[in-house]
Amino acid sequence: MSTSNSSCHEAVVHGPLSHKTPRTWPAEGYTRAPYWVYTDPDIYAQEQAKIFRGKAWHYVGLEAEVPDVGSFKTTYIGEQSVVLTRAEDGSLHVVVNRCAHRGNMLCRDAFGKVKKLYCVYHAWNYNLKGDLTHAAFSHGLRGEGGLPKDFQLSEHGLHKLRVATLCGLVFATFSDELEPLEDWLGDVAQGIRRVLHKPLKVLGYDTQRIHANWKTYHENPRDSYHANILHTFYGTFGLSRQSQESGMTLDKSGRHVYFYTKAGTEKKSEDFDKTSAALRSVNNDMKLEDPSILKWRDEFGDGVSVQVLTTYPSFVLHQIANSLATRQLIPRGVGESDLVWTYFGFEDDDEATTQTRLVQANLAGSAGMISVEDAAVCEMMQRAMADGQSGESFIEMGGKTLESGGTTKLSERAIRNFWHNYRLDMGIDLDLA
Ligand code: FES
Ligand SMILES: [Fe+2]
């Protein structure tokens, strides 16, 4: 990881879709994000190629969502529809959801169980690993029609992605060159192992459309600075406060991050008392009429009440009290995104634990008492940045470099690291003077 900020004066986005007028990245580098990066359709199109179909592992689901031979799940990597399947030997596969004949969509259901993947248009059949097994009328009829003599089924399978799993999470990538998943996750893998330590059971889903560019949301759970300020429920009812013991871990590339807080570990500090007077989120007089939602059990035995983990560019794993969920971010155009929440527990949870998780599911999600504000802020940002012609984010909380801010949550270190990696992947030339 580089320790210095970029010294460039101008950066140009290269590529066939670049604007006629080169876009200029602010000279300060990754401590700024120009607003055109959230609003320009050409930039959005380049992201699909360079990030979503580029060198990144993308979360596609839980192993528990495809439990049996023939189980499938249809989802997205960026805008590309893909299908996750479980084959006869138990192995997991991810294929592009597009027939190798003339491009028809194979799976239209979100979930299901099949013996094979079947294209309704001309009945090409694929096995659960994506190999073509049969093409209707390939030998023609009565000596006429049919596919050429040199046609080989083995040359016309579905587009297969690389697949890797970690603790029940399934990731896929279009890249043949990307390092193995666990190497890519680095130190942040420990945050996944901490939570997903035994077989999972899916409890339910929540999907929301956010009228904002995907990066406004990707920045949000990397942004430990806002958590105890924007989310008044956190501070007011003590699940997460800046005055509590907390920390942040990034992997060495700076792509992935998690932060945590331990409820009930308040340390008195004059700084906090001074600042808190100006915070909307500190309301010592408010009480819940039914406080049962706050009753959480320290199930991992380390006192952590909140852990939010983000992997680049579109995955979140959260533990908020005993609410556990994944979030998958799906871009739907330059100013639209979907967020899919999958709530889960463990296979061996008793009924009371499942009930607690379901009650606490109300803390997060599209209408969650904590997270409802996140999408609202993303949409307000998108509206405020709408013209995309001027202005830029200022990202210097905790310092100006990739390391500054250390492990404190009062920092935008993970956001600076995001923009650093984003610019690398997008080919934004850091050395242009
Ligand atoms: S498009 Fe699928 S069989 Fe023709
Ligand atoms: Fe948030």
Side-chain angles (χ1 to χ4, degrees), residues 81 83 95-108 114 116-127 130-138 140 145-147 151 153 155-159 206 208 210 212 214-237 239-242 246 248 257-261 279-281 305-310 315-321 323 325-327 329 337 339 341 362-381 397 409-412 414-415 418:
S81 176
V83 187
V95 293
V96 171
N97 189 11
R98 185 176 61 219
C99 180
H101 178 217
R102 296 221 331 256
N104 185 34
M105 181 171 278
L106 289 167
C107 295
R108 288 156 295 163
V114 290
K116 59 187 179 188
L117 301 175
Y118 176 86
C119 180
V120 295
Y121 203 175
H122 313 93
W124 282 29
N125 289 220
Y126 304 87
N127 66 21
D131 305 312
L132 181 64
T133 55
H134 179 77
F137 299 111
S138 58
L147 290 162
F151 177 82
L153 290 173
E155 290 173 4
H156 297 274
L158 300 175
H159 183 152
D206 181 13
Q208 68 187 115
I210 301 173
W214 67 273
K215 298 187 293 299
T216 62
Y217 190 84
H218 181 67
E219 284 182 295
N220 181 282
R222 303 179 75 92
D223 170 6
S224 46
Y225 175 26
H226 87 279
N228 303 323
I229 300 173
L230 175 68
H231 303 303
T232 54
F233 192 94
Y234 261 154
T236 301
F237 300 113
L239 271 178
S240 175
R241 285 181 178 153
Q242 206 63 56
S246 62
M248 177 167 67
V257 59
Y258 67 93
F259 57 87
Y260 72 90
T261 303
L279 291 183
R280 220 165 53 103
S281 51
S305 49
V306 176
Q307 178 189 286
V308 178
L309 181 150
T310 305
F315 172 67
V316 179
L317 169 69
H318 83 228
Q319 173 230 330
I320 299 174
S323 165
T326 60
R327 307 175 202 169
L329 179 61
S337 314
L339 192 61
W341 304 71
N362 292 297
L363 294 170
S366 56
M369 280 179 275
I370 289 163
S371 56
V372 68
E373 298 97 348
D374 290 323
V377 160
C378 291
E379 295 192 356
M380 291 194 291
M381 285 172 72
M397 189 68 182
K409 273 175 58 184
L410 267 181
S411 155
E412 288 168 321
I415 311 275
F418 166 65

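Fair warning: this is a prediction, and the values are worked out from it, not measured in the lab. Each ligand, and each atom within it, is numbered from 1 in the order the structure gives. All values below were derived from every heavy atom in this structure, side-chain atoms included, with hydrogens, water molecules and symmetry-related copies excluded.
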Q. Under 6.0 Å from the CZ atom of Phe137, do we count more than 12 heavy atoms belonging to anything else shown?
A.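 No - once you tally the heavy atoms of other residues, nucleotides and ligands closer than 6.0 Å, there are 12 at most.
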Q: Have a look around atom 4 (Fe) of ligand 1 and list protein N/O/S atoms under 2.8 Å, or say none.
A: His101 ND1, His122 ND1
Q | Separation of Ile320 CD1 from Thr261 OG1 (nearest 0.5 Å) | A |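 The OG1 atom of Thr261 sits 10.5 Å away from the CD1 atom of Ile320.
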Q) Hey, which N, O or S atom on Asp374 ends up closest to the Fe ion (ligand 2)? A)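 Sorting the N, O and S atoms of Asp374 by distance to the Fe ion (ligand 2) puts OD1 first.
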Q. Between His156 and Phe151, does the ring centroid distance fall short of 6.0 Å?
A.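 Centroid separation for His156 and Phe151: below 6.0 Å.
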Q. Does Tyr121 have its ring centroid less than 6.0 Å away from the ring centroid of His101?
A.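 Between His101 and Tyr121, which both carry aromatic rings, the centre distance is not below 6.0 Å.
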Q.
Looking at Gly146, is its backbone amide N or carbonyl O close enough to the side chain of Ser138 to form a donor-acceptor pair, meaning the two atoms are under 3.5 Å apart?
A.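 Checking the backbone N and O of Gly146 against the side chain of Ser138, no donor-acceptor pair under 3.5 Å is found.
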Q: Report the residues that fulfil salt bridge (Lys or Arg N to Asp or Glu O under 4.0 Å) with Asp131, sequence neighbours left out, ordered by chain and then residue number.
A: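 Asp131: salt bridge (Lys or Arg N to Asp or Glu O under 4.0 Å) contacts with Lys160.
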